[in-house]
Protein chains: 2
Amino acid sequence: MSTIKEIAQKAGVSPTTVANVLHGNLGKVSPATCKKVQTFIENEKYVPNMGAMILAHSNSRIIGVIMFMEPRSEETVLEDPFSSAMLGAMEREIRENGYFVMLHTTSDEDEVVRLSKAWKLDGLLLVWVPGEICRVISANIDTPLVYIDCYFTDNERVYHNIGLQDRRGGYEIARYLLSMGHTDIVFLANNQLVTGGDPVRFIGCQEAFGEQGQTLGAERYKPLPNNRGKREILYRQLAEDTSQCTALVFSADYYAAEAVSYLKECGIEIPGKISITGFDDNIFSRLVQPRLTTVHQDTGEKGRLAVAMLMKLIRKEPLQEINIQLPIRLAIRDSVQRLN
Amino acid sequence: MSTIKEIAQKAGVSPTTVANVLHGNLGKVSPATCKKVQTFIENEKYVPNMGAMILAHSNSRIIGVIMFMEPRSEETVLEDPFSSAMLGAMEREIRENGYFVMLHTTSDEDEVVRLSKAWKLDGLLLVWVPGEICRVISANIDTPLVYIDCYFTDNERVYHNIGLQDRRGGYEIARYLLSMGHTDIVFLANNQLVTGGDPVRFIGCQEAFGEQGQTLGAERYKPLPNNRGKREILYRQLAEDTSQCTALVFSADYYAAEAVSYLKECGIEIPGKISITGFDDNIFSRLVQPRLTTVHQDTGEKGRLAVAMLMKLIRKEPLQEINIQLPIRLAIRDSVQRLN
DNA sequence: CTGTTAGCGCATTCAA
DNA sequence: TTGAATGCGCTAACAG
């Protein structure tokens, strides 16, 4: 509870001297006073008042972590176990860099701008933000920003982004399915957004189909409902009419696993009746039976790279890349059947 | 970027008047000036400087969310999908109450105290903190604290806690196992902590055994290693020697699911060769095959109740309960075999 | 090497 | 109903 001024009084020096000791400005303080002041600092259990710091030089050492949320979504994104791996990695890195984490979920760009200004945030990490909203945010915030898994709809400004080889992911999984004899597939997108990783993955699928002289029409792209019951109805419909499709391509292991476990409860065999693939290669892909054939990505690494990039921006260090795309690789397991 | 003073100048009034409009002190401002000032506030996009707020009246509207972490743990707790459901619920409630979330993972009590003082936190939510550390934290922080899933080792002060019927959970699952003919079980605790939910659940198990004239010795309590490879070795050892035990009682669905999937890969049948139970009843329990018999708890509700209690403490509203224990219920599925 | 001082933006008294 | 003045704790520029 004691302030610099109080410490200075008790030590019989001026506040400036205490501040210099605190900040390691050793050149400006004689070793003797330094020692003396240091003991007082420790005895008095000095803790800086961050409010005063913000006021004095307009930076807070806070990094805002913004998880974008679809407006109608019932569950918050944080409840998705997928995001927890990334958040865990981010929190650790931010903390080890000596910054604080302010966590915020929202679907409103103005809220992000206000948050940033109110707290004089030193930087922001923005996850899953739609392109048009990125534009508004970048236009209105002048502290460093790093986006994660975002796709941008303009070239007006520079966006720093940590992404994934989404297109290649879609391409690889589709090519694999084709090699297993699947020409009728349905792509199940994680959400209703028109831009973002899901559509790009789908384009990758289309590319693979095109190469093989097959077509994959836009009607094969289906966003999943937010409501679990509705999703289950959809899974069942798709699985029961295999004249329409022989494989379900999910854009997340989470939903793929959900489908596998639900369909098996309904007595529908996987992959015997219908094949299923995932995306992410997280814990879910190995828990379900059959284990999911999926696209591997390193989510923790994504978080770490994002923080590393943000720190370089904050410290104004040079940056090799503006837009990193983490590599993916196919993880072939047991959820796809070979068709004759 | 504009301040109260600037707005006041442009509107031709004093800063105090602007502040009164901002705070809804309508009684102190004439309707005419109020309207006028309000338009200026909106046009100038006024955003308060929270640093100045902290400085002016020593509260920040920040709630600290502290996830306690075992010192040696490689992964952070946040990476555990279990915590994400609770964190998601907390973040939402805190935000909807008009507060901000500062997220911090640590194993050091002093760090918590410093964080609280540096930021003038309005309240703290502390998850999975060992009893001795709770004591130190409560002794050194005088803002409202709500613990989640903590067990306390002293009665010196009042601890506000949102917990679970851990003992009953252990009791119910053990009684069920006994009813299915299992008298040789091993309890697999989530971590090495001597206090906390795991030991209490185990005591519940012992109680059920005692009632049936059976004994469950302390040697049947085994903490799981932090390292996945080591856990798998343990799973295998236990499953292969069924003269020692016929059922593995896990204290988390996560590990139970991990064990099921690993053992099945090794060709060990569940529950044919060995029975397995979980705890939590989260997504994992329904994803694995066989679906886990487990103890249900509502993790989101835990987060919501914790925030609700904290808000009452902050607003100094009366509290019905100091220590809430959320109810559990048995979820019987397919991972336990009836022995003859 | 050390001390003094002004100012950051806001809330809150007190005075008009 | 409105305005002016003060202080919160810290930094940084400047003076000694």
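Chain identifiers are assigned alphabetically (A, B, ...) following the order of the sequence lines, protein sequences preceding nucleic acid strands; residue numbering begins at 1 within each chain.
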* Asked: Is it true that the side chains of Tyr159(B) and Asp154(B) contain a donor and an acceptor less than 3.5 Å apart?
  ->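 Yes, a side-chain donor-acceptor pair sits under 3.5 Å.
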* Asked: Has Ser30(A) got a side-chain N or O lying under 4.0 Å from the OP1 or OP2 atom of dT2(C)?
  ->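 Answer yes for this pair, as a side-chain N or O of Ser30(A) is under 4.0 Å from OP1 or OP2.
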For [X], give me all partners under side-chain contact (heavy atoms from CB on, under 4.5 Å), at least two apart in sequence or on another chain.
X: Thr33(B); value: Val13(B), Val29(B), Ser30(B), Lys36(B)
X: Glu317(A); value: Lys312(A), Arg315(A)
X: Leu55(A); value: Asn49(B), Ala52(B), Leu55(B)

* Can you pull the ring-ring contact (aromatic ring centres under 6.0 Å, His included) pairs that have at least one residue in residues 87-110 of chain B, sequence neighbours excluded? -> Trp119(A)-Phe100(B)
* Asked: Under the salt bridge (Lys or Arg N to Asp or Glu O under 4.0 Å) test, which residues partner Glu301(B), sequence neighbours left out?
  -> Arg304(B)
Grab the [atom1]-[atom2] distance between [X] and [N] for me, whole Å please.
X: Leu55(A); N: dA6(C); atom1: CG; atom2: P; result: 17 Å
X: Glu6(A); N: dG9(D); atom1: CD; atom2: P; result: 7 Å
X: Trp119(B); N: dG9(D); atom1: CH2; atom2: C1'; result: 14 Å
X: Gln9(A); N: dG9(D); atom1: CD; atom2: C1'; result: 14 Å
X: Ile54(B); N: dC8(C); atom1: CD1; atom2: P; result: 19 Å

* Between the axis at one end of the helix from dC1(C)-dG16(D) to dA16(C)-dT1(D) and the axis at the other (five pairs apiece), what's the angle to 10 degrees? ->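 Between the first-five-pair axis and the last-five-pair axis there is 50°.
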* Asked: Please, which pairs that meet salt bridge (charged side-chain N to carboxylate O under 4.0 Å, His left out) have at least one residue in residues 7-24 of chain B, sequence neighbours excluded?
  ->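 Listed by first then second residue: Lys10(B)-Glu44(B).
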* Expected output: side-chain Glu111(B) to main-chain Thr106(B) donor-acceptor under 3.5 Å -> no
* If you pin Pro31(B) and Ser58(B) to their nearest nucleotides in DNA chain D, which one's is more 5'? ->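 First, find each residue's nearest nucleotide; the 5'-ward one identifies Pro31(B).
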* List the protein contact pattern of nucleotides 10-16 of chain D with one symbol per nucleotide (5' to 3'): B for base contact, S for sugar-phosphate-only contact, - for none; contact means a heavy-atom distance under 4.0 Å. => BSBB---
* With heavy atoms under 4.0 Å as the rule, sort Thr33(B) into base, sugar-phosphate or nothing. => sugar-phosphate
Side-chain donor-acceptor contacts of residues 16-23 of chain B below 3.5 Å, not counting sequence neighbours, with atom names and distances?
unit_1   : atom_1 : unit_2   : atom_2 : d
Thr17(B) : OG1    : Ser14(B) : OG     : 3.2
Asn20(B) : OD1    : Asn25(B) : ND2    : 3.2
Asn20(B) : ND2    : Thr16(B) : O      : 3.4
His23(B) : ND1    : Ala19(B) : O      : 3.3

